[in-house]
Amino acid sequence: MSGFRVAGWCPDAWHPMAAGDGLLLRIKPHAARLPRDAVLALCDLAGRQGNGLIDVSRRANLQLRGLSEAGWQAALRELLALGLVSADPAVEARRNVLVAPDWRAGDDTQRIADDLVARSGEWPELPGKVGFVIDAGAAPLLLREPGDFRVERGAGGGLILRAAGRATGVALAPGEEATGLIALARWFAESGGAQAGRMARHDAPLPAWAQGEDRPAAPAPLLQPGPCALGMAHAAPFGQVEAPVLAAALAVPGAQALRLTPWRVIVAEGAAPGAVAGLIADPADPLLRVEACPGAPACPQAGVATRDLARVLAPLVAGTLHVSGCAKRCAGTRATTNTLIGRADGRFDWAGPGAPASPLTPRAVLAHCESR
């Protein structure tokens, strides 16, 4: 397999990350929502200062790609003027809050998200990938998504505080949700959690006040492409979209804002039903069963190109598929039926039922799939 390097940190607007196609800059919309005018400004910015490609991340963030050093600095100034980035780099770095995207104005999810972010000055210093989850709708949507300190709808109907890696949590009094999240984060920091890196790997006994027997409620179905209660949902193939395509999704009559999800499905809030070229509106599209990282040359660690092959393989492979440019497998956040792992020599190792002997050239992979 190809070698790889684990960065151990996440980019943001103040701290871009070098990729094979230039600098990558991450934007963290509050409550996973961007008003229409902000989306259009971002699309314009992506084309002027970057290469016009926008990633929809697994943390419900957006990433501008292909920026130069000067382009990043110009983009940062514009993002600050738009109010999409904190003026304090330290606050921006730790503002990792994943919110269930089905919230409505004034509900528990929005209330807790607003309270938590307003109190960001009380948050402790945390490892770069550690974050909060607010899943306070009628039923949880984010149970399968990574997050360290969690407020969720409990099986009894109330809200619970749960530490990642623990099956149960403790009931919360209304209005105490942000206080509980901050207290759990502080305990993590003070009890040596940084050494473990994530809450799920931190085996110190929880304090008594954070222990409980309340389980999360049964999850709600995940949002699929197509018309939905909030508007029109589209999937971004492989989590990436060209800026003009994203702008087109907000040009539909009635579209007021963009909601982001950790499933790389975006919702044009208030938009009428309809397809947008370059996005997926059909929940049966085979591309929805496929994950693929940017691959070579966009990622300097990848030994192979990934997405063109993944597109061809999507209708040919049974089950789910992950095509990774290296052994890091960073595009895959859950198990898949088949996994292709790129090697430094341009070939793939294949793991899955009935997989042929590895390593395989891309042509051999395609030939095997076409013959099944």
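The first residue in the sequence is number 1, and the count goes up from there.
- Classified by interplanar angle (parallel below 30°, tilted 30° to 60°, perpendicular above 60°), the ring pair Trp350/His368 is perpendicular.
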Candidate pair Asp349 and Arg343, rule side chain to side chain contact (heavy atoms under 4.5 Å, CB included), full reasoning: CA-CA 7 Å; Asp349 291 309; Arg343 300 162 55 104; 3.3 Å; yes
From CA spacing to verdict: side chain to side chain contact (heavy atoms under 4.5 Å, CB included), Leu313, Val290: CA-CA 9 Å; Leu313 295 180; Val290 181; over 6 Å; no
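- A donor-acceptor pair is defined here as one N or O able to donate and one able to accept, closer than 3.5 Å; no such pair exists between the side chain of Thr336 and the backbone of Thr339.
- In this structure, CZ on Arg77 lies 13.0 Å from CG on Leu82, to the nearest 0.5 angstrom.
- No donor-acceptor pair closer than 3.5 Å links the side chain of Ser358 to the backbone N or O of Leu360.
- Side chain of Trp209 to backbone of Ala183: no donor-acceptor contact under 3.5 angstrom is found.
- With hydrogens and angles ignored, the 3.5 Å screen pairs a side-chain donor or acceptor of Asp107 with a backbone N or O of Arg104.
- Considering every non-hydrogen atom in both Ala46 and Leu64, the closest pair reads CB-CD2, 3.9 Å.
- Counted within 6.0 Å of CZ on Arg198, heavy atoms from surrounding residues, nucleotides or ligands total more than 12; the atom is thus considered enclosed.
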Stepwise side chain to side chain donor-acceptor pair (under 3.5 Å) check, Gln256 with Arg36: CA-CA 5 Å; Gln256 303 167 4; Arg36 180 178 180 275; over 6 Å; no
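- Contact check on Glu291 versus Arg307 returns no salt bridge, with no Lys/Arg side-chain nitrogen under 4.0 Å from an Asp/Glu carboxylate oxygen.
- Closest approach of Ala75 and Leu25 over heavy atoms only: CB-CD1, 4.3 Å.
- Arg150 places a side-chain N or O within 3.5 Å of a backbone atom of Gly147 that can act as its donor or acceptor partner.
- In terms of heavy-atom proximity, Ala185 sits nearest to Leu126 at O-CD2, 4.0 Å.
- With a 4.5 Å cut-off on side-chain heavy atoms, Leu161 and Leu181 count as touching.
- Under the 4.5 Å side-chain heavy-atom criterion for ILVMFWY residues, no single connected hydrophobic cluster contains both Ile27 and Leu53.
- Screening Glu213, Glu152, Glu177 for a salt bridge (Lys or Arg N to Asp or Glu O under 4.0 Å) involving Arg162 leaves a single residue, Glu152.
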Test log, rule side chain to side chain contact (heavy atoms under 4.5 Å, CB included), inputs Ile134 and Leu98: CA-CA 6 Å; Ile134 301 173; Leu98 181 61; over 6 Å; no
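- When the shell of 6.0 Å around CD of Gln110 is examined, it contains more than 12 heavy atoms from other residues, nucleotides or ligands.
- At a threshold of 4.5 Å between non-hydrogen side-chain atoms, the residues Val267 and Cys228 count as touching.
- Residue Ile182 is grouped with residue Ile112 when hydrophobic side chains (ILVMFWY) are merged at heavy-atom distances under 4.5 angstrom, including chains of intermediate members.
- Of the inter-residue distances, the one linking Thr337 atom OG1 with Arg289 atom CZ reads 8.5 Å to the nearest 0.5 angstrom.
- Of all the heavy atoms in Gly346 and Pro362, the pair that sits closest is O-CD, 3.7 Å.
- Between His202 and Phe188, the ring planes lie perpendicular to each other; the angle is over 60°, past the 30° to 60° tilted range.
- Residues Arg95 and Asp12 are not paired through a salt bridge, judged by the lack of any N-O separation under 4.0 Å between the basic side chain and the carboxylate.
- Ile160 and Trp103 fall into different hydrophobic clusters, where Ile, Leu, Val, Met, Phe, Trp and Tyr residues are linked whenever their side-chain heavy atoms come under 4.5 Å apart, directly or through other members.
- Checked by atom type and distance alone, the side chain of Arg264 pairs as donor or acceptor with a backbone atom of Val56 at under 3.5 Å.
- Proximity of a side-chain donor or acceptor of Arg153 to a complementary backbone N or O of Ala139 within less than 3.5 Å is not detected.
- Here the shortest heavy-atom pairing between Gly325 and Cys293 reads N-SG, 3.0 Å.
- Two residues are said to be in side-chain contact when any heavy atoms from C-beta on lie closer than 4.5 Å; Arg33 and Leu258 fail this criterion.
- We find the OG-CD1 distance between Ser324 and Ile341 to be 6.5 Å, quoted to the nearest 0.5 Å.
- Side-chain contact between Val151 and Asp135 is absent, with no heavy atoms from C-beta onward closer than 4.5 Å.
- Here the side chains of Arg119 and Asp115 are in contact, with some heavy-atom distance below 4.5 Å.
- To the nearest 0.5 Å, atoms CG (Leu340) and CZ (Arg329) are separated by 10.5 Å.
- Between Leu366 and Leu316 there is a side-chain heavy-atom pair separated by less than 4.5 Å.
- Around atom CD of Glu125, no more than 12 heavy atoms belonging to other residues, nucleotides or ligands sit under 6.0 Å away.
- In this structure, the separation between OG on Ser191 and CZ on Arg186 is 14.0 Å, given to the nearest 0.5 Å.
- Remark: side-chain polar atoms of Trp72 are not paired, donor with acceptor, to backbone N or O of Gly50 under 3.5 angstrom.
- No side-chain donor-acceptor contact under 3.5 Å links Trp263 and Gln224.
- When all heavy atoms of Arg65 and Ala19 are compared, the closest pair comes out as NH2-CB, 3.7 Å.
- For Asp114, the CG atom counts as densely surrounded, since its 6.0 Å shell holds more than 12 non-hydrogen atoms of other residues, nucleotides or ligands.
- No single ILVMFWY cluster, assembled from side-chain heavy atoms under 4.5 Å apart, contains both Trp14 and Val91.
- Between atom CD of residue Glu78 and atom CD of residue Gln49 there is a gap of 6.0 Å, rounded to the nearest 0.5 Å.
- Contact check for Val39 versus Pro35: no side-chain heavy atoms found under the 4.5 Å cut-off.
- A salt bridge is defined here as a Lys NZ or Arg NE, NH1 or NH2 lying under 4.0 Å from an Asp or Glu carboxylate O, and Arg111 with Asp108 meets this definition.
- Between Leu45 and Leu79, some side-chain heavy-atom pair lies under the 4.5 Å cut-off.
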Full working for side chain to side chain contact (heavy atoms under 4.5 Å, CB included) between Asp55 and Leu24: CA-CA 9 Å; Asp55 293 333; Leu24 183 152; 4.0 Å; yes
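- With hydrophobic clusters built from ILVMFWY side chains whose heavy atoms lie under 4.5 angstrom apart, Leu141 does not share a cluster with Phe132.
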